[in-house]
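See structure below.
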Amino acid sequence: MQEKLAEIRKNAKEKIGSVIDLQGLNELKVKFLGKKGELTEILRSMGTISAEERPKFGSLVNEVRNEIEEAIKTAEENLKEKELEQKLEKEKIDITLPSTKIKRGSKHPLNRVIEEIEDLFVSMGYDVVAGPELETDEFCFERLNLPYGHPARDMQDSFYITDTLLLRTQTSAVQARVMLANEEKTPIRMICTGKTYRREDDATHSHQFNQVEGLVIDKKEKNVSLADLKGTLEVLVKKLLGENLQLRFRPSYFPFTEPSYEVDVTCFKCGGKGCPLCKKTGWIEVLGAGIVHPNVLKLNGYDPEKYSGFAFGTGLDRLAMFKYAIPDMRLLYTNDIRFLSQFDRKDEA
Ligand code: DAH
């Protein structure tokens, strides 16, 4: 009997250890532990054992039963886990399928030009400052030597919000703000880029446009001169538009500078030979500039006997149009994706 029990134990363990699915395990459970199973059979035949040995044998059978039950439980857990794994494996979602393409935006040509100019001037030691787009008449005109009734105001027909508040017509307004704020009268080297507004709208003008303004002021003995202005603008034009361009300074008039200049560059299209773009002159006007007018210094807290400097200003839209050969300024403001996407990675190459 004992031998039989030992055999059942061995047999059961072997079979349970090698069963491959839950159904097989169930069959083994019936075979060994079921009502007609091998262990039950042994228990039934206990009558043949002597009375003293019976309890000992009974507990041995129980021990084996427990062992087999334990083995079945462990095998059941393992098989269930294995089945779950197989199920998960089968039902795995294939995430490698190509997804639908998302359209990426691209940097606006104006922002490209603004960033390039700001980087360039920062590399020359300038500060980049900002001023309000809703500006006072005082800063936009008065403090720049353009008093009420000055004829030069006509060229900047503007959007007034009240009698004294308007959408700024020029970033020159920031000149006065920087000078007034600089109570210690430390050297000023600044540029300001930003939106400006005038009442005009055609292929070369938009009611909203962008300008960059530059201002340098230092003590008289530092002798900030026209030569410095010329050198600075040459760096700007050549770096932004092309190294082989020529610059031409033409006498002009601006209320805030004296002397004043319009700065022309050789026509990009014809190289200076004369074409419709440059109206057959070979030159294209790109900048206004000059030596800061003594009145402007005075109006903003500077003694013109002790300080001097230069200033310049230009339309960023025009620069972007020249740089990228954009035919109509309004393209810069209508945000047509077909237009904007043409600038993808052009600068990064
Ligand atoms: N503010 C002028 C304009 O909008 C441009 C300009 C000309 C700015 C000469 C300057 C300057 O600082 O010195 O037409």
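In what follows, residues are counted from 1 in the order of the sequence shown. These figures come from a predicted structure and were not determined experimentally. We count ligands from 1, going down the list as the structure has it; atoms in each ligand are counted the same way.
- A cation-pi arrangement is present between Lys185 and Tyr302 under the rule of less than 6.0 angstrom and at most 45 degrees off the ring axis.
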Which side-chain N or O atoms in residues 28-38 pair as donor and acceptor under 3.5 Å with protein atoms at least two apart or in another chain?
| unit_1 | atom_1 | unit_2 | atom_2 | d |
| --- | --- | --- | --- | --- |
| Lys31 | NZ | Glu38 | OE2 | 2.9 |

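- Grouping Ile, Leu, Val, Met, Phe, Trp and Tyr by side-chain contacts under 4.5 Å, direct or through others, leaves Ile102 on its own.
- Taking a heavy-atom cut-off of under 4.0 Å, ligand 1 is surrounded by Gln170, Ser172, Gln175, Arg198, Gln211, Glu213, Phe254, Phe256, Thr257, Gly288, Ala289, Gly290, Ala311, Phe312, Gly313.
- Considering only residues two or more places apart in sequence or on other chains, Tyr261 meets the ring pair (Phe, Tyr, Trp, His ring centres under 6.0 Å) condition with Phe249.
- With values rounded to the nearest 0.5 angstrom, Leu241 atom CG is found 10.0 Å from Tyr324 atom OH.
- At least one test fails for Arg330 against the ring of Tyr333: distance under 6.0 Å to the centre or angle within 45° of the axis.
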